[in-house]
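Side-chain atoms are counted along with the backbone in the values below, which use heavy atoms only and exclude waters and symmetry mates.
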Amino acid sequence: MSAFVLKGGGLVVTAERLAQHWAHAIAWTSFVSMTTAELAADLAGPAGRLLDALTADHTDARPAYEVGAGLVAAHFTQPASLDRTLVVLDEQLGAYAESIGKGSRLGLLQGALAGGYAQALRERTLREQEDIYAAVLAARIEAEEARTASEARFQAVFAEAAIGIGIAALDGRLLEVNRALCAMFGYTRDQFLALPAGAFLPPGGLRDRDHYRTERPYRRADGGRIWTDLVVSLIRGRDGTPLYVVAMVQDVTERRSLQQQLHHQAMHDPLTDLPNRTLFFERLSGALGAGGVQVREPGDEDGPRRASVAAPGARVGVCYLDLDGFKAINDTLGHDAGDELLRTVAGRLAARLTPSGHLVARMGGDEFVVLVEQVKETTDLVRVAELALDAVRAPVRLGGHVLNVSASVGVVDRPVDGADAAELMKAADTTLYWAKADGRDRWATFDADRHASDVSRYRLSGQLPEALARREFFVEYQPLVRLDDAVVIGTEALVRWRHPDLGVLGPNRFIELAEETGAIAPLGQWVLAEACRQGRAWREAHPHQALLMSVNIAVRQVREAGFVDAVREVLAETGLEPEALQLEVTESSVMGSTGQPLRTLHALAELGVRIAIDDFGTGYSNLAYLRDLPVHSLKLAGRFMAGLHAPGGPDQTDQEILSALIRLAHKLKLTVTAEGVETAAQAAALRELGCDTAQGWHYGRAVPPEAVVLQRRE
């Protein structure tokens with residue numbers, strides 16, 4: 001018995017409680033000599049099996065099928081028994097199944113239970129049919145021996161049978177039909193007897209088979225179609241000679257319709273009626289297994305496709321689509337408007353792409369996927385992606401609003417041979433987010449090198465916390481030199497990562513990752529402490545140089561309320577004077593700053609710490625705004641140095657830009673440092689322009705502290 005306790009819609013459901021509701025629902029639907037309490041005890045086991053099947057990790061409909069068969073075995077053979085059972089399962093488990101994302105599984109289990117019930121009921125009926133068949137034989141043979149006594153008995157059995165029965169001669173002529181068969185097909189007895197019996201026989205007749213059974217459709221006299229369970233048997237005499245053929249027919253149209261309805265619900269999205277991810281993955285797996293070429297089974301348009309022979313070199317592709325800014329629509333116009341937008345987009349995609357044989361499915365949320373089962377080259381998929389984007393772009397009217405919607409699409413195709421559905425979809429998901437990162441309203445194709453780079457980045461981001469704990473980071477220092485006399489006035493601290501597999505990594509490989517993952521706070525704090533400790537040691541060793549220690553800090557650190565206290569604690573622990581510390585922040589992190597970042601900068605300046613704007617000239621470059629910031633220095637981006645080292649001599653335009661920047665900075669009482677100085681010519685040009693300090697390979701690379709040269713340069 002199940003030990004699960006499920007909560008859905010505020011109702012606690014256990015196997016025992018489900019069994020009680022079930023028992024009350026079906027107790028009087030069939031003639032069973034059990035009290036409701038006895039019936040509830042008897043149904044506790046099946047209820048537990050259904051709960052287990054609903055919450056299992058993998059979908060298995062067999063327990064539900066067996067429970068359905070068990071109802072028939074317990075003599076609940078009236079249609080109301082099945083109907084009330086399905087209603088109870090929906091009432092008791094529907095809300096919970098939806099809440100855990102297994103609403104489709106509940107539908108599958110209901111369908112399986114109905115199928116098991118129908119199958120068991122059919123087999124029970126067939127056993128009765130066999131009894132009838134035996135009675136028919138006995139009556140027929142006995143009629144030949146004693147016609148008068150047997151005729152009444154045969155007619156009673158044959159004419160009043162609940163299932164349709166037809167008897168035909170070996171040459172195909174119908175000899176007799178009962179009332180049930182006439183009512184089923186809408187013919188009179190005489191009309192029926194005028195028809196050939198070939199429609200009841202398999203292709204080529206019975207041949208060596210005495211018996212066969214199948215489900216097949218027929219046309220009624222009024223043109224309507226019914227599905228039947230057909231059993232055809234060859235009747236032989238006592239000496240084994242074939243005498244005639246008996247066909248027993250049962251109308252299973254309603255059962256088949258119910259099964260197809262439940263199957264459709266399980267395989268389609270309830271909001272858009274597009275195929276859901278379950279059906280999509282079935283089709284994708286089938287396409288990969290069949291070389292991208294599939295054929296639907298006749299009469300089952302919603303079902304999986306039957307694989308044909310794989311085409312040599314076949315490829316399968318997907319276009320993974322996500323609406324841009326859908327959350328904003330939900331947040332501003334409401335979820336009803338969002339649902340209507342999804343229905344509109346789904347209809348457009350299906351109308352544009354389904355006629356070409358492509359499967360359009362909804363994966364969930366605002367994500368759709370298009371399966372292209374026969375791809376010759378990637379450009380085929382790109383055309384499909386462009387059609388999808390064009391379909392989405394058309395303005396949408398929602399409740400008086402006209403929305404201009406766009407989407408991003410990830411395009412991936414793979415050779416069928418050796419491809420894996422899960423890996424293909426992972427690649428499609430990655431490529432989709434490339435398209436979003438590249439600007440939205442566009443498609444992107446899979447790039448193996450870019451993917452490898454992303455994977456490497458994710459791996460590094462996961463290794464950052466352990467690397468810090470294992471002390472794999474170290475700090476190197478690059479001299480800051482006064483241009484007038486080439487005196488070293490300080491150093492800039494630059495963090496490095498000694499990766500056990502990749503070697504030494506520069507900050508461009510991991511600082512951004514540290515900011516994204518939150519590891520920048522402990523890493524930045526460690527670098528600050530190391531640099532301040534080293535700065536204190538150098539100031540003690542060179543008391544007459546007033547050396548400056550410059551340390552980069554990240555945007556995330558500036559935005560933390562406790563950062564100023566952390567700086568104060570480091571200075572206190574290391575003994576470094578506040579005026580000996582310079583903190584470098586990027587231009588983009590302070591331009592237009594308000595709130596916490598601005599308060600942090602003012603608090604640091606009041607503490608006595610110098611503030612420098614790093615890589616100035618790569619962002620807003622708003623010198624006027626700097627008047628309101630507690631900034632002491634500008635560090636010009638290294639790209640400005642390229643114009644000072646042009647093959648034909650310094651570029652006049654670059655010199656004028658640099659000159660203007662330096663003059664304006666000095667007007668604001670800011671010092672100017674040039675980064676990336678690599679030649680004596682660049683240093684001379686900067687000196688002529690009035691630049692204060694410089695750093696770069698011309699003066700020294702970043703090196704370990706013991707290798708830094710701090711004495712005056714000759």
Engineer: Is a salt bridge present between D380 and R315, judged by a nitrogen-to-oxygen distance below 4.0 Å?
Structural biologist: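 Salt bridge between D380 and R315, a charged N being under 4.0 Å from a carboxylate O: no.
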
Engineer: Contact between L505 and L460 at the side-chain level, heavy atoms closer than 4.5 Å - yes or no?
Structural biologist: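 Yes, side chains in contact.
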
Engineer: What's the spacing between L424 CG and L288 CG if we round to 0.5 Å?
Structural biologist: 6.5 Å

Engineer: When rounded to the nearest 0.5 angstrom, what is the spacing between CG in L349 and CG in L389?
Structural biologist: 9.5 Å

Engineer: Is any side-chain heavy atom of D692 closer than 4.5 Å to a side-chain heavy atom of I662?
Structural biologist: no

Engineer: Would you check if T517 and F510 make a side-chain contact, meaning some heavy-atom pair closer than 4.5 Å?
Structural biologist: no

Engineer: Just by distance, do the side chain of R470 and the backbone of F473 share a donor-acceptor pair under 3.5 Å?
Structural biologist: no

Engineer: Counting N and O atoms only, with roles assigned by atom type, does the side chain of T693 sit under 3.5 Å from a partner on the main chain of L480, one being a donor and the other an acceptor?
Structural biologist: no

Engineer: Heavy-atom count around E516 CD within 6.0 Å, excluding the residue itself: above 12?
Structural biologist: yes

Engineer: With rounding to the nearest 0.5 Å, note down the distance linking CG in L513 to CD1 in I520.
Structural biologist: 10.0 Å

Engineer: Between R442 (side chain) and R440 (backbone), is there a donor-acceptor pair under 3.5 Å?
Structural biologist: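 Between the backbone of R440 and the side chain of R442 there is a qualifying donor-acceptor contact (under 3.5 Å).
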
Engineer: Work out which heavy atom in M549 is nearest to a heavy atom in A493; give both atom names and the distance.
Structural biologist: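 Minimum heavy-atom contact is SD-CB, 4.2 Å.
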
Engineer: Heavy atoms only: give me the nearest R496-L494 pair and the separation to one decimal.
Structural biologist: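 Shortest heavy-atom contact: NH1-CB, 3.3 Å.
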
Engineer: Is the number of heavy atoms from other residues, nucleotides or ligands under 6.0 Å of E579 CD greater than 12?
Structural biologist: yes

Engineer: So with a 6.0 Å cut-off around CD of E377, is the heavy-atom count from everything else above 12?
Structural biologist: yes

Engineer: Tell me whether E530 is salt-bridged to R533, with the criterion being a basic N under 4.0 Å from an acidic carboxylate O.
Structural biologist: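 Yes, this pair counts.
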
Engineer: Could D366 and K436 be called an ion pair, given the rule that one side-chain N must be under 4.0 Å from one carboxylate O?
Structural biologist: no

Engineer: Quick one: do the S408 and D322 side chains pair a donor with an acceptor below 3.5 Å?
Structural biologist: no

Engineer: Show the nearest heavy-atom pair for residues L686 and A674, with the distance to one decimal.
Structural biologist: CD1-CB, 3.5 Å

Engineer: R414 and V412: which non-hydrogen atoms are nearest, and at how many Å?
Structural biologist: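 The answer is NH1-CG1, 3.3 Å.
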
Engineer: Give a yes or no on whether the backbone of G700 and the side-chain of Q478 come within a donor-acceptor separation of less than 3.5 Å.
Structural biologist: yes

Engineer: Let me confirm one number: the NE2-CD distance from H358 to E373, rounded to the nearest 0.5 Å.
Structural biologist: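 Reported to 0.5 Å precision, the distance equals 9.5 Å.
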
Engineer: Mind running side chain to side chain contact (heavy atoms under 4.5 Å, CB included) on F563 and R556 for me, showing each step along the way?
Structural biologist: CA-CA 10 Å; F563 181 66; R556 190 161 181 168; over 6 Å; no

Engineer: Looking at K635 and E492, does any basic side-chain N land under 4.0 Å from a carboxylate oxygen?
Structural biologist: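 Salt bridge: yes.
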
Engineer: P705 and W538: which non-hydrogen atoms are nearest, and at how many Å?
Structural biologist: O-CZ2, 3.5 Å

Engineer: Can you find a heavy atom in the side chain of P630 that is under 4.5 Å from one in the side chain of L604?
Structural biologist: no

Engineer: With heavy-atom distances below 4.5 Å as the criterion, would you say the side chains of T491 and Q534 are in contact?
Structural biologist: no

Engineer: Verify side chain to side chain contact (heavy atoms under 4.5 Å, CB included) between D484 and R687, making sure each step is shown before the conclusion.
Structural biologist: CA-CA 7 Å; D484 285 344; R687 191 162 42 250; 4.3 Å; yes

Engineer: Do the side chains of V392 and D324 get nearer than 4.5 Å, heavy atoms only?
Structural biologist: no

Engineer: Distance check, rounded to the nearest 0.5 Å: D501 atom CG versus Q463 atom CD?
Structural biologist: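 It is 7.0 Å, given to the nearest 0.5 Å.
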
Engineer: Assess the residue pair W443 and T431 against the criterion (side chain to side chain contact (heavy atoms under 4.5 Å, CB included)); give the C-alpha distance rounded to whole Å, side-chain angles, the decisive distance to 0.1 Å, and a yes or no.
Structural biologist: CA-CA 9 Å; W443 51 264; T431 310; over 6 Å; no

Engineer: Which distance, rounded to the nearest 0.5 Å, do you find between the CD1 of I553 and the CD of Q582?
Structural biologist: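 Atom-to-atom, I553:CD1 and Q582:CD are 10.5 Å apart.
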
Engineer: Is a side-chain N or O of R539 found less than 3.5 angstrom from the main chain of L547, in a donor-acceptor match?
Structural biologist: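 Present.
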
Engineer: Under the side chain to side chain contact (heavy atoms under 4.5 Å, CB included) test against V316, which residue among V375, L284, V372 passes?
Structural biologist: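 For V316, the side chain to side chain contact (heavy atoms under 4.5 Å, CB included) check succeeds only for L284.
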
Engineer: Could you walk me through whether R383 and E386 satisfy the salt bridge (charged side-chain N to carboxylate O under 4.0 Å, His left out) test, starting with their C-alpha distance in whole Å, then the side-chain angles of each, then the deciding distance to 0.1 Å, before giving a yes or no?
Structural biologist: CA-CA 5 Å; R383 282 191 288 270; E386 290 175 341; over 6 Å; no

Engineer: Apply side-chain contact (heavy atoms from CB on, under 4.5 Å) to D417 and list each qualifying residue two or more places apart in sequence or on a separate chain.
Structural biologist: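 Partners of D417 by the side-chain contact (heavy atoms from CB on, under 4.5 Å) criterion come out as none, since no residue qualifies.
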
Engineer: I'd like to know if the side chain of S659 reaches the main chain of Q655, judged simply by a donor and an acceptor atom lying under 3.5 Å from each other, with no hydrogens or angles considered.
Structural biologist: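 No.
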
Engineer: Quick one: do D565 and R568 make a salt bridge, cutoff under 4.0 Å?
Structural biologist: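 The answer is yes: the pair qualifies as a salt bridge.
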
Engineer: Is the side chain of R348 donor-acceptor paired with the backbone N or O of A394 at a distance under 3.5 Å, no angle test?
Structural biologist: yes

Engineer: Looking only at non-hydrogen atoms, find the nearest pair between R536 and G575 and report the distance.
Structural biologist: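 Looks like CD-O, 3.3 Å.
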
Engineer: Taking it one step at a time, do N552 and V527 satisfy side chain to side chain contact (heavy atoms under 4.5 Å, CB included)?
Structural biologist: CA-CA 9 Å; N552 292 281; V527 171; over 6 Å; no

Engineer: Check whether any side-chain heavy atom of Q557 lies under 4.5 Å from a side-chain heavy atom of L528, and answer yes or no.
Structural biologist: no

Engineer: Could you check whether any side-chain N or O of H632 sits under 3.5 Å from a backbone N or O of I611, counting only pairs where one atom can act as donor and the other as acceptor?
Structural biologist: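 Yes; judged by distance alone, with no hydrogens or angles, the pair exists.
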
Engineer: Any heavy-atom pair between the side chains of V703 and E476 that's under 4.5 Å?
Structural biologist: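 When only atoms from C-beta onward are counted, V703 and E476 do not touch, as no gap falls below 4.5 Å.
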
Engineer: Have T586 and D615 got a donor and an acceptor in their side chains that come within less than 3.5 Å?
Structural biologist: no

